> 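Below you'll find the structure I mean.
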Amino acid sequence: MRRMQTWWVVGMVLLAAPAWLAAQVAGSQPPTVDVSHYNVRLAFQFPQHQLAATAKVVLTATAPTAAITFALNSNLKVASVTDPSGDKLATQRTEHGVNVTLAAALEQGATTTLTFTYAGPLATAELSPIAGIRTAYIGQHGAFLLYPGEWFPLVGYNTDRFTMTVSADLPGQYGMVASGVPAAAPQADGTIQYTYRQTQPTFPGSVVITTLHPVTLRNDGLTENFYFGSGVDQALVRQYGAAAGKIYSFLVGHFGTPPTTTLHFIALPNDSLPSFSSPNMIFLSLGSIGTALNYRLLMDEIAQQWFGVMVTPATRNDAWLQYGAARFCEALYVQQMAGKAAYRRAITDFTVGALSYPQTSLASTASLYPFSPQFQDLTYDKGAMLFHMLRWQLGGKRLFAGMRQFVAQYAWKAATTQDFEQVLEKSSGADLRAFFTEWYQGTGAPKFNNQYVIYRLGEPQRPDVAPSKDSIASNHAGGGGATNDDAIPHFSVRARYRVTGTLKQQLDLFDMPVELEILTDGATVRQRIQAQGPTTDYSVETSARPRRVVVDPNQWLLKETPGLQVRVLISRGDNDVAADDFTAALTEYRAALKVNPISSLAHYRIAEAFYLQRNWQSAANEYRAALNGDLQPGWVAVWSHIQLGKIFDMTGQRNRAINEYQLAIATQDNTQNAQVLARRYLRHPYKPNTQN
């Protein structure tokens, strides 16, 4: 369901690639200056959507430089840039920002302060740094200025940490929310001067001006200020508050001292980012808030207060330390809330994303557009899988102790993957060079081929004869459970069957523990073997007759399997649709059908692609094929009926449309509010451009 929920978001974000890609990829090289502090003074003309700002930028040269390029929202016009002497500097506006030529070149290590004066309208998503997404907006009822909106002069997006003071004089009906410590002082003209000071270096730069009074809640040691507005039911606000407190307590328990004891939760319009985490601020679009608690997304964003705000990636090649950690925390919390099976389902979802772009390593993600599906699948999903596999290799206790030490050691600092590896090795005593070589620097994933033979041995041992140490060691479940990584149960009978096999895979440098599950006529036997290189031999003894050997039954490893191949192909097709590349998408979907000709999901995605192209006949054929397929996942049935009903309504076949809506209701599946929509269209025919 992840793709179904986020298609529209990915689609709009991908439109930004031509505008931002060159600047962001160029930004993968370290900038020649390091900005340490901003002092920004804001002024608003709300009815006119106008921002006027003065930004004092304190920076230090990291290399000799005579000119500096800053990113700045294209809607904003620079009036002047001055040096500490007040002299105007030469500037040149570019598509992505502004080039500033210094009066005299800065030597490496030299520090200076530049003062920017600029203004402009922020009314729509036009010229937004992320095309089609409102990341900065001013209107009659307030404003939101998000860090990705580049509303102040930036270098080193999401890698150059800084402190910030931001202030504004506002009429009495408005309040201001930003990162850091707040202060408010009444002014002689009746306005109130709001000031926020972020004193720890991180990534502040998100500001909200609002007429709303917050709903303030206190849960589990966390003070929560909700600015969700009247459109969100107060009962739901309280549910989010209670969940946020529990998530906060969970994260403190795992990773130690929190970066803040106060969080502001702010609702964004649906044409802005679906979610975003800024120092002591959590932004959620109204669509993301929804009508029911979305605790997974909430965990993802709150976890980034530890991984992303307090400890930040040194480069975009280290971005998995932020986004992967947040996704891994999401899975851990799913396990706590819904159990081991739900955890494994989350891991399966992560695996699909991690395998979608197997030829790109995490160590080279700086070359990717940060809002592209490739970057997000790798840093979020493959990143989460690295933490998951470390849990298997080290055990839960050692991993969490290492992550806790990492947070403590690099609090309010930038960290590299090598820093993380060194902390884990020191904390756990394990040599992780092979792990990070394979999974961080390398590409691909193992595809296992298991060949084995079963031998019958002697009779069972009498109960009064103690088993040998070798017998005990050969029959243990080494950390295979998703909830008890360190438990090693032992068997106490001598085996009378032996499974001798060879485990093969294609990666020469592979060196990982692999769990084998031997299903027998009696108790299931699990054994952990160390697989090294393309071929690993093993031998396992059992007391009951073996029936089958399963490799990695608990999904501890990122691996290619035939069952996932269809989902991976569909995932890539979804990304192509989001980029309006329907030809490429259809190629991926049809490849999925070659693997599984009755895949309802593949047929459904093909139907969606045709539907978006307004090819009603082909879309209807594919929706019907989806209904005649394997009906996996289950929501395909209800939505295929609804989509067929919409097509029949649009082509003047109301009786056939009614039949499809009735069939949709009969499924009793309310995925994505399906039952509500089916009943609505049953009462009133679907009309495009007026109804969803």
Side-chain angles (χ1 to χ4, degrees), residues 40-53 73 75 119-125 128 133-147 149 151-152 164-198 204-218 223-238 240-241 244 262-290:
V40 185
R41 184 89 170 123
L42 302 175
F44 299 92
Q45 296 181 44
F46 294 105
Q48 292 78 30
H49 309 285
Q50 288 285 325
L51 171 70
N73 192 298
N75 289 287
L122 296 170
T124 67
S128 169
I133 301 290
R134 275 198 294 173
T135 52
Y137 170 77
I138 299 170
Q140 182 65 48
H141 299 292
F144 60 87
L145 309 173
L146 303 182
Y147 173 59
W151 59 271
F152 61 99
M164 175 177 263
T165 299
V166 59
S167 61
D169 292 353
L170 298 173
Q173 70 268 35
Y174 295 103
M176 177 170 155
V177 185
S179 298
V181 178
Q187 302 297 294
D189 62 358
T191 62
I192 299 175
Q193 183 177 102
Y194 291 91
T195 303
Y196 280 80
R197 292 180 174 87
Q198 174 66 39
S206 294
V207 176
V208 173
I209 310 298
T210 180
T211 58
L212 295 175
H213 295 285
V215 175
T216 299
L217 304 172
R218 291 175 178 84
T223 298
E224 308 157 345
N225 296 315
F226 281 87
Y227 298 86
F228 277 6
S230 59
V232 179
D233 186 81
Q234 288 302 297
L236 183 59
V237 173
R238 289 191 292 273
Y240 269 95
T262 300
L263 283 175
H264 307 292
F265 296 86
I266 297 114
L268 293 173
N270 285 330
D271 61 352
S272 185
L273 293 173
S275 62
F276 182 69
S277 187
S278 195
N280 68 281
M281 304 175 78
I282 304 295
F283 295 89
L284 301 172
S285 72
L286 289 169
S288 295
I289 294 168

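Please read all numbers here as calculations on a predicted model, not as lab measurements.
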> Would you check if I133 and D271 make a side-chain contact, meaning some heavy-atom pair closer than 4.5 Å?
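With C-beta onward as the side chain, the pair stays apart.
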> If you round to the nearest 0.5 Å, how far is OH of Y147 from OG of S278?
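Answer for the OG-OH pair, S278 versus Y147, is 9.0 Å.
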> What's the shortest heavy-atom distance between F152 and P204, and which atoms?
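F152 and P204 have their closest heavy atoms at CZ-O, 4.4 Å.
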> Take T165 and R197 through the side chain to side chain contact (heavy atoms under 4.5 Å, CB included) test and state the conclusion after the steps.
CA-CA 4 Å; T165 299; R197 292 180 174 87; 3.7 Å; yes
> P214: what forms a side-chain contact (heavy atoms from CB on, under 4.5 Å) with it, not counting sequence neighbours?
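If we apply the side-chain contact (heavy atoms from CB on, under 4.5 Å) test to P214, skipping adjacent residues, the hits are T216, N225, Y227.
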> How close do F144 and S272 get, counting heavy atoms only, and between which atoms?
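Heavy atoms of F144 and S272 come nearest at CE1-OG, 3.8 Å.
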> Name the residue from L284, V215, V232 that meets the side-chain contact (heavy atoms from CB on, under 4.5 Å) definition with Y240.
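With Y240 as partner, side-chain contact (heavy atoms from CB on, under 4.5 Å) holds for just one option, L284.
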> Can you tell me if R41 has over 12 outside heavy atoms packed within less than 6.0 Å of its CZ?
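Count over threshold, so yes.
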> On a heavy-atom basis, which atom in W151 and which in G205 lie closest, and how many Å separate them?
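That would be NE1-O, 2.8 Å.
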> Output yes when a side-chain donor or acceptor of H264 lies under 3.5 Å from a complementary backbone atom of M281, and no otherwise.
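No.
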> Evaluate T135 against L145 for side chain to side chain contact (heavy atoms under 4.5 Å, CB included), listing each step before the verdict.
CA-CA 6 Å; T135 52; L145 309 173; over 6 Å; no
> Can you give me the closest heavy-atom contact between A125 and R134, atom names plus distance?
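So the two residues come closest at N-CG, 3.6 Å.
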> Starting at CZ of R218, measure out to OG1 of T262 and round the result to the nearest 0.5 Å.
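It is 8.5 Å, given to the nearest 0.5 Å.
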> Not counting sequence neighbours, which residues clear ring-ring contact (aromatic ring centres under 6.0 Å, His included) with Y174? List them please.
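For Y174 the ring-ring contact (aromatic ring centres under 6.0 Å, His included) partners, ignoring immediate neighbours, are F46.
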> Could you grab the distance from atom CD1 of I289 to atom CG of D233, nearest 0.5 Å is fine?
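If we round to the nearest 0.5 Å, I289:CD1 and D233:CG are 12.0 Å apart.
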> Under 4.5 Å between any side-chain heavy atoms of I192 and M176, yes or no?
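SC-SC contact between I192 and M176 ruled out.
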> After noting the C-alpha distance and the side-chain angles of L42 and I209, does the key distance pass the side chain to side chain contact (heavy atoms under 4.5 Å, CB included) rule?
CA-CA 11 Å; L42 302 175; I209 310 298; 5.8 Å; no
> Measure the OG1-CG distance between T223 and N280 for me, rounded to the nearest 0.5 Å.
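Here the interatomic distance stands at 11.5 Å.
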> So, taking the atom named CG in L51 and the one named OH in Y137, what distance separates them when rounded to the nearest 0.5 Å?
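Result: 13.5 Å between the selected atoms.
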> Quick check for you: to the nearest 0.5 Å, what is the distance between S277 atom OG and I282 atom CD1?
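It comes to 3.5 Å.
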> Using a 4.5 Å cut-off on heavy atoms from C-beta on, say whether the side chain of L122 contacts that of H49.
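Contact flag for H49/L122 side chains = no.
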> Would you say that L286 contacts N270 through its side chain, given a criterion of any heavy-atom pair below 4.5 Å between the two side chains?
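Yes, close enough: below the 4.5 Å cut-off.
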> Once you measure the plane-to-plane angle for F226 and F265, does it fall in the parallel (<30°), tilted (30-60°) or perpendicular (>60°) bin?
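Rings of F226 and F265: parallel, under 30°.
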> What closest approach, in Å, do N73 and G149 show between heavy atoms, and which atom pair accounts for it?
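Looking at all heavy atoms of both residues, the shortest contact is ND2-O, 2.9 Å.
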> Minimum heavy-atom separation for P121 and N75, please, with both atom names.
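Shortest heavy-atom separation between P121 and N75 comes out as O-CB, 3.2 Å.
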> With a 4.5 Å limit on heavy-atom distance, are the side chains of Y196 and S179 in contact?
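In short, these two side chains do not touch, never coming nearer than 4.5 Å.
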> With no hydrogens and no angle check, is any side-chain donor or acceptor of S288 less than 3.5 Å from a backbone partner on P274?
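The answer is yes, because a donor-acceptor pair under 3.5 Å joins these two groups.
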> Can you list everything that forms a ring-ring contact (aromatic ring centres under 6.0 Å, His included) with F283? Sequence neighbours excluded, please.
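With neighbours one apart ignored, the set is empty.
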